[in-house]
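Working notes for the structure below.
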Protein chains: 2
Amino acid sequence: MVFAREGFGRSTVEQVCEQAGFTRGAFYSNFTSLDELFLAIWEQRSDEMQSDLAAFLTQEPPPVSSLREAVEHVLSAVPLDDEWYRVTAEFTAHALRNPALRRVMARREERIEAGLMPTLEALLARVGRRVVDPAALGPALVACHDGTSVQCLIEPDNVAVRQRRTDLFVLLVTAHTVEAGSATDTAPQETP
Amino acid sequence: MVFAREGFGRSTVEQVCEQAGFTRGAFYSNFTSLDELFLAIWEQRSDEMQSDLAAFLTQEPPPVSSLREAVEHVLSAVPLDDEWYRVTAEFTAHALRNPALRRVMARREERIEAGLMPTLEALLARVGRRVVDPAALGPALVACHDGTSVQCLIEPDNVAVRQRRTDLFVLLVTAHTVEAGSATDTAPQETP
DNA sequence: TGTATCCGATACAACTCTGTATCGGAAGGG
DNA sequence: CCCTTCCGATACAGAGTTGTATCGGATACA
């Protein structure tokens, strides 16, 4: 992917076409600008990943026996794809400057949450836990995923980073759930 | 800042010089490339922000009376600077493709943690809490900060996002601390 | 089989950016 | 007061990029 290698701003129509195996003539008869192509690619791939995630999660009910295992199973469906995260970082930077793309990013998050939460809740139910506030847990998971993904890719050789990533997810899920029988239905407990 | 407006890859030496009020001749007698300037600017500004953070936090011991107030105080020292976060997003995307910049990013995180944690621990001590595992809390805070900052800037009009951001920080700090008298000294408790 | 339509390749003209080389002036040292 | 040194401005040449216009072939349809 040219955008991952060069950065979006430095990519040229020529480079993209060369790698894709067609010419600039072909490009300009299908798109009007690189921006448009970038958006199209990102949306398509983003949709694919969400479909993959959803498919993976719903496919076979795994025999999880603890909350951590449930989290690990979900995380295993979200690979740390180096190239793809570079493209996403480019897209994020681009979106922060472009209202139209901002909406695309917002939709992406909504769809991730929509695809993730039901399965996650089902998995957690199996280990006897109930999510208290899905509307808070979803965004928190996405934010932590994005934040820790960058950390993992910035220090690819630091295994502790990846370990902490998992721990953080477990922590989040733990704090946002209660034992299934519990009557508590408020926001995550703050002990002090 | 040109990099925030145009994106790094689309910025030209000409644009940068125009805004800064000098000419390309002046530029090339002080830097060898835009990459170098970008790195210099980002490191300098990043250092400034860390100094500001440290100064703000150590300056006057605020009269916090709860863990949440302590967190809110710290967060108030980290403003959601729209322009600056755009530059950071650009830098992040750039760093994911460039090992030298990766190291700069890693150092940035270390310095944030180094500047933040002592004061945070002091503040928390004042409300009767002790951090259990600073080496885990620091990176988690940074990751969540970066992740939620994007969310806030992607949906600037959504106040719920900003609220959840604060809640998330409170949650993280809560989970990584114990009551000051407690003997517990293990990793954050996972109840189930 | 002939024709119309579509799509991609090639060619082209205009523009933009980069990096360097040369020139002029200002500041500092002797 | 002169001279040297440094720094920024201007000018220029080379390279690369964009978007369009024209051409050729393939495919679908009558």
Side-chain angles (χ1 to χ4, degrees), chain A residues 1-48 83-84 86-105, chain B residues 1-48 83-84 86-105:
Chain A
M1 169 83 74
V2 175
F3 296 141
R5 203 179 62 229
E6 305 289 335
F8 173 65
R10 290 264 196 265
S11 300
T12 67
V13 177
E14 182 65 40
Q15 291 172 318
V16 171
C17 292
E18 187 186 5
Q19 169 157 350
F22 48 77
T23 64
R24 291 181 34 242
F27 174 83
Y28 280 110
S29 60
N30 284 289
F31 301 93
T32 65
S33 68
L34 260 191
D35 267 64
E36 191 182 321
L37 174 65
F38 190 33
L39 176 59
I41 286 182
W42 197 82
E43 277 198 291
Q44 183 195 325
R45 179 76 185 273
S46 181
D47 281 350
E48 274 175 28
E83 183 182 67
W84 174 242
R86 287 180 198 185
V87 176
T88 297
E90 289 291 334
F91 193 87
T92 302
H94 206 38
L96 289 180
R97 302 191 300 270
N98 184 325
L101 296 195
R102 275 208 286 271
R103 258 170 273 130
V104 174
M105 277 295 274
Chain B
M1 171 82 76
V2 176
F3 297 140
R5 203 179 62 229
E6 304 289 335
F8 172 66
R10 289 264 197 265
S11 301
T12 67
V13 176
E14 182 65 38
Q15 290 172 318
V16 171
C17 293
E18 187 186 8
Q19 169 157 350
F22 46 77
T23 63
R24 291 180 37 240
F27 173 82
Y28 279 110
S29 60
N30 285 287
F31 301 94
T32 65
S33 68
L34 259 192
D35 268 64
E36 191 182 319
L37 173 67
F38 190 33
L39 175 59
I41 286 181
W42 197 82
E43 276 199 291
Q44 183 194 326
R45 179 77 185 271
S46 181
D47 281 350
E48 274 175 29
E83 183 183 68
W84 174 244
R86 287 181 199 184
V87 177
T88 297
E90 288 290 335
F91 193 86
T92 302
H94 206 38
L96 290 180
R97 301 191 300 272
N98 183 327
L101 297 195
R102 273 208 288 270
R103 258 170 273 131
V104 174
M105 279 293 276

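Sequence lines set the chain letters: A, B, ... in the order given, protein chains first and strands last, and positions in each chain run from 1.
- Residues meeting the side-chain contact (heavy atoms from CB on, under 4.5 Å) test with A:Arg24, sequence neighbours left out: A:Val13, A:Glu14, A:Cys17, A:Tyr28.
- Rounded to whole angstrom, the span from the CZ atom of B:Phe31 across to the P atom of C:dT20 amounts to 16 Å.
- To the nearest 0.5 Å, atoms CG (A:Leu34) and CG (A:Leu39) are separated by 12.0 Å.
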Between N or O atoms, less than 3.5 Å apart, protein on one side and nucleotides 24-28 of chain D on the other: list the pairs.
none

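- Of the two residues near DNA chain C, A:Phe27 and A:Arg10, the one whose nearest nucleotide lies more 5' is A:Phe27.
- Residue pairs that meet the salt bridge (charged side-chain N to carboxylate O under 4.0 Å, His left out) test with at least one member in residues 86-100 of chain B, sequence neighbours left out, are A:Glu90-B:Arg97, A:Arg97-B:Glu90, B:Asp82-B:Arg86.
- Atom CZ of residue B:Phe38 and atom CG of residue B:Leu101 lie 8.0 Å apart, to the nearest 0.5 angstrom.
- With sequence neighbours excluded, the residues forming a side-chain contact (heavy atoms from CB on, under 4.5 Å) with A:Ala26 are A:Phe22, A:Thr23, listed by chain and number.
- The stretch residues 11-23 of chain A comes close to DNA chain D through A:Thr12, A:Val13, each having a heavy atom under 4.0 Å from the strand.
- Remark: the backbone N or O of B:Met1 is paired with a side-chain donor or acceptor of B:Glu83 at under 3.5 angstrom.
- Phosphate contact (OP1/OP2 of C:dC7, side-chain N/O of A:Asn30, threshold under 4.0 Å): absent.
- Atom CG in B:Asp35 sits about 15 Å away from atom C1' in C:dG19, given to the nearest Å.
- Considering only residues two or more places apart in sequence or on other chains, B:Glu6 meets the salt bridge (Lys or Arg N to Asp or Glu O under 4.0 Å) condition with none of them.
- Checked against a 6.0 Å centroid threshold, the rings of B:Phe91 and B:Phe8 do not count as neighbours.
- Considering only residues two or more places apart in sequence or on other chains, A:Asp47 meets the salt bridge (Lys or Arg N to Asp or Glu O under 4.0 Å) condition with A:Arg111.
- At whole-Å resolution of the value, CD in A:Glu6 and C1' in D:dG16 are 13 Å apart.
- For A:Ser29, there are no side-chain contact (heavy atoms from CB on, under 4.5 Å) partners, not counting sequence neighbours.
- Axis deviation across the helix from C:dT1-D:dA30 to C:dG30-D:dC1 amounts to 10°, comparing end segments of five pairs, rounded to 10 degrees.
- Looking at residues two or more places apart in sequence or on another chain, you find no salt bridge (Lys or Arg N to Asp or Glu O under 4.0 Å) involving B:Glu18.
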Give me, pair by pair, the N or O atoms of the protein and of nucleotides 20-22 of chain D that are less than 3.5 Å apart, along with how far apart they are.
none

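- Ranking C:dA9, D:dA9, D:dT18 by closeness to the B:Ala26 side chain, first place goes to D:dA9.
- Listed by chain and residue number, B:Glu48, B:Met49, B:Asp81, B:Trp84 satisfy the side-chain contact (heavy atoms from CB on, under 4.5 Å) test with B:Arg45 (two or more places apart in sequence, or in another chain).
- Rounding to the nearest 0.5 Å places CH2 of B:Trp42 at 12.0 Å from NE2 of B:His94.
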